[in-house]
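Side chains included, hydrogens not; waters and symmetry mates left out as well; all remaining heavy atoms used.
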Amino acid sequence: MGAGQTNMANRNDRRIEPSFDDPRDDAEDDVFSVREEDRVVPSRRKTTTKRKSSKARAPERGRGSRSRKRRGLFGIAGRLVYWCFVLAIWGGIAAAGIVIYYGAKMPSATTWAIPDRSPNIKIVGVDGRLIANRGMTGGEAVGLHEMSPYIPQAVMAIEDRRFYSHFGVDPIGLARAVSQRVIHGRFTQGGSTLTQQLAKNLFLTPDRTLERKVQEVLLALWLEQKHTKDQILEMYLNRVYFGSGSYGVEAASRRYFGKSARDVTLSEAALLAGLLKAPSRLSPARDPKASEARTQLVLAAMRDQGMIGEKELATAMSAPATRVASFWTGSENYVADRVMEELPGLIGEVRSDIVVDTTVDMTLQDLAEKSIRRLIDENGQKLNVSQGALVSIDNSGAVRAMVGGYDYSTSQFDRASEARRQPGSAFKPFVYLAAVEQGRTPDSIRNDAPIQIGKWTPENYNGKYFGRVTLKTALAKSLNSVAAQLAMEVGPAAVVEAAQRMGIESELQPNVSISLGTSEVTPLELTAAYVPFANGGYRPQVHIIQRVTAADGSVLYENTAGGGPRVISPEVVGMMNAMMTGAVEEGTAKKAAFAWPAAGKTGTSQNSRDAWFVGYTANLTTGVWFGNDDGKPMKRVTGGALPALAWHEFMVAAHEGVPVAALPGSWTSQGGAIPDMAVDDQPALDENSFPPAPEQPVQPRPVEAVGGFGAPQDQPSTASIRRPVPQADVGGPVQRRETSILDVLLGN
């Protein structure tokens with residue numbers, strides 16, 4: 001007991017503390033201890049413990065840190081996915097709200113319809129050759145199966161490579177465009193599909209607003225639902241803007257290549273597709289280098305997408321760069337402009353595609369343009385001449401060729417139908433016509449000598465006079481004094497009436513100076529006024545439009561007018577042609593002569609500001625003018641020089657292969673003397689430099705219609721022209737008047 005008690009006492013005296021951090025002694029396995037994981041409440045007491053050796057703890061620390069890192073990364077990723085999902089939901093709700101809001105502002109989808117394409121006016125010549133396309137589009141619509149297959153391929157390659165696979169909106173393309181925006185800080189690639197672009201062109205304004213973009217997407221989805229892919233692509237290609245005023249592939253092909261979209265090559269199709277990014281800036285008419293660089297980019301895109309092979313790429317890359325004029329060029333555009341001016345008066349407002357058949361022969365048109373341009377190119381600087389015009393009209397009044405200037409691309413002003421210039425001596429045939437109708441003949445004699453009319457003394461060219469001459473010689477040699485005498489004899493009013501009866505429509509001043517062509521006229525009307533000399537005495541309706549048809553073939557207008565009224569008698573026609581052949585055979589227009597019987601008259605205005613030759617055969621009447629727009633004098637250019645040369649060149653080609661025909665009418669000379677002298681045109685004097693001579697009244701007398709060229713027997717008389725008609729041997733005998741003082745003095 002004592003020993004046991006002693007041991008118990010000793011055991012109670014020594015307190016045993018549990019150890020948690022000290023290494024466990026194998027010898028003390030039976031000692032009570034508590035491990036960390038056995039604690040219910042962690043101890044907050046700070047203890048100082050020995051660290052385990054680095055070799056023992058390192059593996060445990062590495063496993064714990066990797067576990068914690070994995071748990072942290074997964075947590076961040078999870079939170080990111082979560083918030084992206086939340087944002088996507090809210091973004092979708094916001095987008096839906098925007099779509100609903102802007103969609104509600106649009107008309108009901110049941111009322112949506114493709115707007116009609118702006119009508120095209122196709123203007124063609126007598127041989128069916130295209131002259132021009134006019135209207136908002138500038139070209140006719142071409143079916144997808146009709147145009148060159150390279151065109152749609154090139155457009156899809158550079159604008160919308162997934163066109164046939166998307167539903168109107170291309171999410172991949174849109175995402176790519178956004179990523180490029182983030183990377184480059186700007187949009188380097190477009191995200192709009194061809195369907196979206198078509199929707200914008202058809203329905204929307206070009207404003208860059210959120211509302212317009214939303215509406216564009218909605219309309220694109222509607223287009224995809226209502227139309228096939230081919231229909232959408234065809235509509236797009238026929239309406240999109242290609243620069244330089246060209247809407248649609250046909251207009252652009254005509255503008256840049258001078259041919260139809262049906263015949264476009266691979267390199268040309270790539271050029272057209274490249275224009276769509278910036279039509280005005282990339283147009284070859286503005287920047288050929290930029291256009292070429294863009295073309296090669298399109299070709300590379302086509303190769304990358306397997307549309308063309310390496311060989312085709314190399315061939316297209318080596319094609320010469322396209323060079324085009326800055327504006328439409330070619331004299332046929334003067335014809336097109338004239339057609340567009342006359343069209344509203346014939347059919348009213350154009351509401352659908354139409355075809356206008358003109359009377360113009362494009363072969364003759366090309367000949368006329370080349371002749372005018374060649375003569376100016378060769379003589380422009382030497383003779384100080386910069387412009388020319390040519391008009392050719394057949395006996396029915398149909399305009400066969402009309403050149404309004406040297407180059408349409410530099411000046412669209414039509415000098416053939418709009419420019420009024422002094423005709424000079426080219427106006428004298430109307431003076432002689434009035435004289436013949438009052439009883440004179442080509443054999444009538446006048447004294448070519450200096451005369452004075454009031455304060456005016458008309459002079460011949462170079463001051464030369466030739467005494468007694470016949471009227472035929474006087475007209476052939478263009479003697480001014482004789483023309484002035486005749487104007488005094490018949491009266492200026494009779495001269496004005498004769499000119500207007502023949503076809504002159506401009507205002508004419510009824511004074512003696514009109515005998516030398518001081519009143520201004522246009523080349524078109526002066527040429528038209530010579531046509532009755534060529535067709536036997538009838539004034540036809542001058543026209544350039546023969547027929548207008550709609551796209552379905554229905555005829556909207558057709559020129560059915562026959563021959564016009566007779567305005568001069570057959571005998572007068574014979575006498576006038578006898579006199580006017582002299583100008584070509586032996587007078588001032590010798591350079592115009594060719595294998596056909598021809599007649600005409602030259603004209604030169606004061607100081608050679610204007611030079612004319614108007615001549616005719618039994619087939620064509622053609623007038624030519626040369627001068628300067630600013631009225632500056634040329635260097636001694638007369639009507640017998642450049643105008644006669646151009647007339648000769650044109651008429652020789654125009655009559656090739658045509659059977660020779662004599663001029664209408666006949667007259668036999670009674671033996672008047674014709675001196676062998678050459679006198680050039682006397683420049684016309686300014687009508688304001690002298691007082692007008694007293695006018696001699698002309699008693700009007702209606703002339704009965706006589707059957708002949710294109711004129712039915714019941715054709716109304718010249719009284720229908722609503723101008724006084726002088727005496728002529730139509731419907732009655734010729735009445736000779738000798739009331740002039742000069743008649744008495746000269747014994748006529």
Discussion item. Can a side-chain donor-acceptor contact be found between Ser192 and Gln197 if the only test is distance below 3.5 angstrom?
Written reply: no
Practice prompt. List the atom of Leu194, the atom of Leu233, and the distance in Å for their closest heavy-atom pair.
Written response: CD1-CD1, 3.8 Å
Discussion item. Is it the case that the side chain of Arg415 and the backbone of Phe413 share a donor-acceptor pair, with hydrogens and angles ignored and the cut-off at 3.5 Å?
Written reply: yes
Worksheet item: Looking only at atom types and distance, does a side-chain atom of Gln412 sit under 3.5 Å from a main-chain N or O of Tyr408, one as donor and one as acceptor?
Response: yes
Practice prompt. Indicate the atoms forming the closest heavy-atom contact of Ala285 with Arg255, along with that distance.
Written response: CB-NH2, 3.7 Å
Worksheet item: Taking atom types as modelled and ignoring hydrogens, do the side chains of Tyr406 and Asp377 form a donor-acceptor contact shorter than 3.5 angstrom?
Response: yes
Fill in: Test: Arg303 and Glu312 ion pair at under 4.0 Å
no
Worksheet entry | Any donor-acceptor N/O pair, Thr617 side chain to Leu620 backbone, under 3.5 Å | yes
Discussion item. Determine whether Glu216 and Gln196 satisfy the following criterion, side chain to side chain donor-acceptor pair (under 3.5 Å), listing intermediate values before the conclusion.
Written reply: CA-CA 6 Å; Glu216 176 186 302; Gln196 288 177 260; 2.9 Å; yes
Worksheet item: Looking only at heavy atoms, which two atoms of Ala301 and Ala157 are closest? And how far apart?
Response: CB-O, 4.0 Å
Practice prompt. Take atom NZ of Lys259 as the centre, draw a 6.0 Å sphere, and report whether it contains more than 12 heavy atoms from other residues, nucleotides or ligands.
Written response: yes
Discussion item. One pair to check against side chain to side chain donor-acceptor pair (under 3.5 Å): Ser417 and Asp414. What are the steps and the verdict?
Written reply: CA-CA 6 Å; Ser417 63; Asp414 183 7; 2.5 Å; yes
Worksheet item: Should Lys277 and Glu159 count as an ion pair when the cut-off is N to O under 4.0 Å?
Response: no
Item to complete: For Gln381, look at atom CD and say whether over 12 heavy atoms of other residues, nucleotides or ligands are found less than 6.0 Å away.
Response: no
Fill in: Test: Arg294 and Asp287 ion pair at under 4.0 Å
no
Discussion item. Could you tell me if Asp230 and His145 have a donor-acceptor pair between their side chains, going purely by distance under 3.5 Å?
Written reply: no
Discussion item. Please find the pair of heavy atoms, one from Ser291 and one from Ser283, that lie closest to each other, and give the distance.
Written reply: CB-C, 4.4 Å
Item to complete: Could you grab the distance from atom CG of Leu276 to atom OH of Tyr236, nearest 0.5 Å is fine?
Response: 4.0 Å
Fill in: Minimum heavy-atom distance Gln153-Met307, with the two atoms named
O-SD, 3.3 Å
Discussion item. Would you call the rings of Phe594 and Trp596 parallel, tilted or perpendicular, taking 30° and 60° as the class edges?
Written reply: parallel
Worksheet item: Would you say Leu645 and Phe613 make side-chain contact, with heavy atoms under 4.5 Å?
Response: no
Worksheet entry | Salt-bridge present (Lys229, Glu224; N to O < 4.0 Å) | yes
Worksheet entry | Polar contact flag, side-chain donor to acceptor under 3.5 angstrom, Ser331-Gln365 | yes
Worksheet item: Between Glu250 (side chain) and Gly139 (backbone), is there a donor-acceptor pair under 3.5 Å?
Response: no
Worksheet item: If you measure only the distance, is there a donor-acceptor pair under 3.5 Å linking the side chains of Asp353 and Asn120?
Response: no
Item to complete: Could you pull out the closest heavy-atom pair between His543 and Gln546, with the gap in Å?
Response: NE2-OE1, 3.5 Å
Worksheet item: If you round to the nearest 0.5 Å, how far is CD of Glu418 from CZ of Arg338?
Response: 8.0 Å
Item to complete: State whether the side chain of Asn628 and the backbone N or O of Asp630 hold a donor-acceptor pair below 3.5 Å, judged by distance alone.
Response: no
Fill in: Asp357 vs Val548, side chain to side chain contact (heavy atoms under 4.5 Å, CB included): CA-CA, chis, key distance, verdict
CA-CA 6 Å; Asp357 293 297; Val548 181; over 6 Å; no
Item to complete: Check each of Thr359, Asp361, Asp394 against Arg400 using the side chain to side chain donor-acceptor pair (under 3.5 Å) test, and report the only one that passes.
Response: Asp394
Discussion item. Side chains of Trp625 and Asp610 only: does a donor on one sit below 3.5 Å from an acceptor on the other?
Written reply: yes
Practice prompt. Drop me the distance from Ile158's CD1 to Met302's CE, to the nearest 0.5 angstrom.
Written response: 10.0 Å
Worksheet item: Is the count of non-hydrogen atoms from other residues, nucleotides or ligands lying under 6.0 Å from Arg323 atom CZ greater than 12?
Response: yes
Practice prompt. Give a yes or no on whether the backbone of Glu146 and the side-chain of Arg262 come within a donor-acceptor separation of less than 3.5 Å.
Written response: no
Worksheet, complete the sentence: Those residues at least two apart in sequence (or on a different chain) that pass side chain to side chain donor-acceptor pair (under 3.5 Å) with Ser165 are none
Practice prompt. Can you measure from CG (Asp337) to CD (Glu332) and round to the nearest 0.5 angstrom?
Written response: 10.5 Å
Practice prompt. Verify, without hydrogens or angle tests, whether Asn238 (side chain) and Val142 (backbone) share a donor-acceptor contact under 3.5 angstrom.
Written response: yes
Practice prompt. Report the distance from atom CD1 of Ile121 to atom CG of Asn133, rounding to the nearest 0.5 Å.
Written response: 9.5 Å
Item to complete: For the pair Ser253 (side chain) and Val249 (backbone), establish whether a donor and an acceptor sit closer than 3.5 Å, ignoring hydrogens and angles.
Response: yes
Practice prompt. Carefully, step by step, assess Thr265 and Glu268 under the rule side chain to side chain donor-acceptor pair (under 3.5 Å).
Written response: CA-CA 5 Å; Thr265 64; Glu268 292 167 344; 3.2 Å; yes
Worksheet entry | Aromatic plane relationship, Tyr241 with Tyr247 - under 30° parallel, 30 to 60° tilted, over 60° perpendicular | tilted
Worksheet item: Under 3.5 Å, is there a donor-acceptor pair linking the side chains of Ser386 and Asp629?
Response: no
Item to complete: Just do the side chain to side chain donor-acceptor pair (under 3.5 Å) check on Arg134 and Asn333 with the steps written out, would you?
Response: CA-CA 10 Å; Arg134 292 296 170 90; Asn333 287 287; 3.1 Å; yes
Worksheet item: Quick one: CD on Glu140 to CD1 on Ile354, what's the gap to the nearest 0.5 Å?
Response: 13.0 Å
Worksheet item: Would you say the side-chain atoms of Thr527 pair up with the backbone N or O of Pro523, donor to acceptor, closer than 3.5 Å?
Response: yes
Worksheet entry | Any donor-acceptor pair under 3.5 Å from Gln387 side chain to Gly405 backbone | no
